[in-house]
Protein chains: 2
Amino acid sequence: MAAEKRGDGTVGKALDVLNEVAEIGSPVRFSSLLKTSKYPKATLYRLLQTLLNQDMLSYNDEEQTYKLGLKLVRMAHAAWLQSSLAPIALPFIDELSDKVGETVHLAQLDNGQVLYVDKRNPSSPIEMYSQAGKVGPAYCTGVGKAMMAFLDEESLSRVISKQAFFKYTDFTITSEKALRKELTTIKKQGIAFDKQEHEVKIICISSPILSAKGRVIGGLSITSSIDIHSLESLQEFKPQLLKTSELIGKEAGAWNFPEQNN
Amino acid sequence: MAAEKRGDGTVGKALDVLNEVAEIGSPVRFSSLLKTSKYPKATLYRLLQTLLNQDMLSYNDEEQTYKLGLKLVRMAHAAWLQSSLAPIALPFIDELSDKVGETVHLAQLDNGQVLYVDKRNPSSPIEMYSQAGKVGPAYCTGVGKAMMAFLDEESLSRVISKQAFFKYTDFTITSEKALRKELTTIKKQGIAFDKQEHEVKIICISSPILSAKGRVIGGLSITSSIDIHSLESLQEFKPQLLKTSELIGKEAGAWNFPEQNN
DNA sequence: AACTAAGTTCCATTATTTGGAAATAGGGGT
DNA sequence: ACCCCTATTTCCAAATAATGGAACTTAGTT
């Protein structure tokens with residue numbers, strides 16, 4: 001037995017299709033989905049109809065395209081409230097961002113990737129769309145490395161196996177060996193840096209958020225650009241960053257926030 | 001024809017269960033769900049397992065509780081990007097919020113309710129998902145009334161039939177008749193006010209966002225409290241509010257934003 | 001009108017879901 | 001330790017829903 005891979009009957013298939021639409025990221029036509037999809041025409045068609053009925057997708061008559069439905073936005077609000085660290089961490093992040101005057105990110109590990117669940121940007125609002133819900137690579141971001149460094153070996157291997165090691169910049173770590181070495185250093189120092197590994201000019205200092213039992217429940221970072229800060233000057237935020245992470249970890253414990261196992 | 005009720009096979013049932021968990025808003029035990037649910041024990045159990053497998057739900061071993069999964073947060077980001085007015089409206093809202101220095105909300109009608117898809121709060125920093133994804137009543141909010149006022153009769157009846165007419169404050173409109181009268185005035189003036197109808201002390205001025213063909217695609221509001229503004233002083237924002245709404249409507253047209261039919 | 005590509009429906013076959021009932025796991029309490 | 005009560009999980013034959021190849025419809029082209 002062992003349905004090792006995916007596949008919970010029809011529901012699994014439907015969510016699969018939903019994911020495909022999500023990943024494409026823009027309105028898609030039926031025929032376009034059909035080309036990628038592993039499901040036969042009639043099946044795919046019916047799955048799409050069902051998802052439409054359920055408001056998980058919306059359909060544009062004129063363009064004949066499908067896209068994700070607003071119902072998801074609605075549900076996600078509930079999910080964010082009840083499943084992310086964000087509501088718990090909120091006051092601490094506000095305070096940290098006020099004090100340091102830089103962009104602060106709160107993230108969690110989700111399926112080997114970094115899922116940003118909150119963000120504070122004290123200065124300008126413009127830049128990008130909201131970060132909550134956005135995902136990024138774990139192996140080349142500050143929060144990602146900070147969280148990985150404190151995983152137990154089993155979880156770590158699982159997460160590492162999901163890394164793409166794509167070379168975003170000249171500084172991106174592109175091998176498991178180099179990554180593991182870096183993680184050892186990070187664990188020793190309690191702090192991770194992103195040295196322009198994901199985006200040119202963007203650097204950050206980051207720490208894991210640990211539960212009372214020492215398990216990783218999230219990550220916190222202060223981000224800046226090399227036009228404003230050097231790695232050394234980011235260092236100065238270390239005490240405040242660690243303090244905030246610790247406070248969030250404590251608070252999470254008080255709220256029974258689950259120890260995850262990604 | 002007309003599958004009047006709900007029910008797209010198993011997928012529908014699974015999403016139903018997901019909704020139930022979402023609506024409860026906090027981690028739930030199996031037995032607790034079972035009491036509310038229309039599905040028999042074994043069925044409910046398997047649906048929950050499937051949703052767990054798919055990361056739509058997460059399970060807390062110690063507490064034996066289910067809650068919404070992070071996958072939803074992730075998907076919602078994609079949904080927000082591709083299905084809401086927010087990305088299109090972003091620059092216009094930034095500008096409006098800068099100019100007026102007050103809280104600005106962007107909303108859409110979703111299933112008879114107001115779904116907030118973006119928010120700017122010039123004073124305190126952005127707390128993204130704390131508002132995006134939030135829903136509110138249509139009959140007693142500025143954006144809700146502004147949008148309703150410009151619906152065609154068919155859509156309007158549908159939306160009105162979904163209103164609860166709960167009396168939140170002394171000023172809440174609690175009958176269809178009174179609401180329809182108010183909507184007529186709003187349509188004439190092109191602007192709606194929330195006169196503490198939803199929350200005491202909170203007032204707002206609001207306008208619909210219309211497509212080129214005059215169909216409602218969203219709503220925009222400037223919110224304040226009676227401690228700071230009177231209705232008369234909110235009036236002063238009318239030209240800017242209308243202008244911004246118009247610009248967003250135009251831009252949406254350029255991007256082929258679909259005319260919805262709520 | 002004939003051709004083509006895209007989208008939709010049909011329906012006999014097959015695979016999944018169903019749900020009552022029984023088994024199992026967890027607590028207390030005595 | 002034992003029993004009892006409750007909550008959760010598993011089983012399995014019957015019932016139902018999903019499947020997908022093929023046929024059909026629609027819209028756009030030559």
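Hydrogens, waters and symmetry mates are skipped; everything else that's a heavy atom, side chains included, is used. Residue numbers begin at 1 in each chain, while the letters A, B, ... track the order of the sequences.
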K.L.:
Could you work out, with side-chain contact (heavy atoms from CB on, under 4.5 Å) as the rule, every residue matching B:Q82, not counting sequence neighbours?
P.N.:
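Partners of B:Q82 under the side-chain contact (heavy atoms from CB on, under 4.5 Å) test: A:V21, A:K67, A:L68.
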K.L.:
Between A:A42 and B:P40, which has a closest nucleotide on DNA chain C that is more 5'?
P.N.:
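Comparing both residues, the 5'-ward one is A:A42.
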K.L.:
Applying side-chain contact (heavy atoms from CB on, under 4.5 Å), name anything that partners A:D55, two or more places apart in sequence or on another chain.
P.N.:
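For A:D55, the residues satisfying side-chain contact (heavy atoms from CB on, under 4.5 Å) (neighbours in sequence not counted) are A:K71, B:N111.
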K.L.:
How far apart are the C-alpha atoms of A:F92 and A:I209, what are their side-chain angles, what is the distance that settles it, and do they pass the side chain to side chain contact (heavy atoms under 4.5 Å, CB included) test?
P.N.:
CA-CA 12 Å; A:F92 304 102; A:I209 297 171; over 6 Å; no
K.L.:
Going by side-chain hydrogen bond (donor to acceptor under 3.5 Å, both in side chains), name the residues that satisfy it together with A:T184, two or more places apart in sequence or in a different chain.
P.N.:
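Applying side-chain hydrogen bond (donor to acceptor under 3.5 Å, both in side chains) to A:T184 gives none.
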K.L.:
In chain order, what residues pass the side-chain contact (heavy atoms from CB on, under 4.5 Å) check against B:Q163, with sequence neighbours excluded?
P.N.:
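Only B:A138, B:Y139, B:V159, B:F165 meet the side-chain contact (heavy atoms from CB on, under 4.5 Å) criterion with B:Q163.
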K.L.:
Tell me which of A:T10 and A:K41 sits closer to the 5' end of DNA chain D, going by the nucleotide each one is nearest to.
P.N.:
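Closest to the 5' end, via its nearest nucleotide, is A:T10.
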K.L.:
B:L52: which residues meet the side-chain contact (heavy atoms from CB on, under 4.5 Å) condition with it, sequence neighbours left out?
P.N.:
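In terms of side-chain contact (heavy atoms from CB on, under 4.5 Å), with neighbours along the sequence ignored, B:L52 is linked to B:Q49, B:L57, B:Y59, B:Y66.
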K.L.:
Is the shortest side-chain heavy-atom distance between A:N19 and B:M75 below 4.5 Å?
P.N.:
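A:N19 reaches B:M75 side chain to side chain.
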K.L.:
Holding to ring-ring contact (aromatic ring centres under 6.0 Å, His included), I want the full list of residues that pass it with B:F30, two or more places apart in sequence or in another chain.
P.N.:
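Counting only residues at least two positions away or on another chain, B:F30 forms a ring-ring contact (aromatic ring centres under 6.0 Å, His included) with B:Y45.
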K.L.:
Test side chain to side chain contact (heavy atoms under 4.5 Å, CB included) on A:R158 and A:L151 and set out the steps.
P.N.:
CA-CA 10 Å; A:R158 196 155 5 105; A:L151 291 177; over 6 Å; no
K.L.:
At the 4.0 Å heavy-atom cut-off to chain A, mark where contacts on DNA chain C begin and end, going 5' to 3'.
P.N.:
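Here the contact window of chain A covers C:dA6 to C:dT17.
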K.L.:
Holding to ring-ring contact (aromatic ring centres under 6.0 Å, His included), I want the full list of residues that pass it with A:Y168, two or more places apart in sequence or in another chain.
P.N.:
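With sequence neighbours excluded, A:Y168 shows a ring-ring contact (aromatic ring centres under 6.0 Å, His included) to A:F166, A:H198, given in chain and number order.
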K.L.:
Heavy-atom count around A:E154 CD within 6.0 Å, excluding the residue itself: above 12?
P.N.:
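At most 12 heavy atoms, drawn from other residues, nucleotides or ligands, come within 6.0 Å of this atom.
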K.L.:
Just how large is the angle between the end axes of the helix from C:dA1-D:dT30 to C:dT30-D:dA1, five pairs per end, to 10 degrees?
P.N.:
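Overall, the helix from C:dA1-D:dT30 to C:dT30-D:dA1 bends by 30° from one end axis to the other.
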K.L.:
Which residues, if any, of residues 26-35 of chain B bring a heavy atom under 4.0 Å of DNA chain D?
P.N.:
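Hits under 4.0 Å, by residue number: B:R29, B:F30, B:S31.
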K.L.:
Quick test of your reading: applying salt bridge (Lys or Arg N to Asp or Glu O under 4.0 Å), list the pairs with at least one residue in residues 22-36 of chain B, sequence neighbours left out, ordered by first then second residue.
P.N.:
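Sorted pair list comes back empty.
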K.L.:
Of all nucleotides in DNA chain D that come within under 4.0 Å of a heavy atom of chain A, which is furthest toward the 5' end and which toward the 3' end?
P.N.:
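Result: D:dA18 to D:dG21.
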K.L.:
Assign each of A:Y39 and B:Q64 to its nearest nucleotide of DNA chain D by heavy atoms, then name whichever residue's nucleotide is nearer the 5' end.
P.N.:
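Comparing both residues, the 5'-ward one is B:Q64.
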K.L.:
In sequence, state the C-alpha distance, the side-chain angles, and the governing distance for B:S84 and A:L70, and then conclude on side chain to side chain contact (heavy atoms under 4.5 Å, CB included).
P.N.:
CA-CA 7 Å; B:S84 82; A:L70 284 182; 4.2 Å; yes
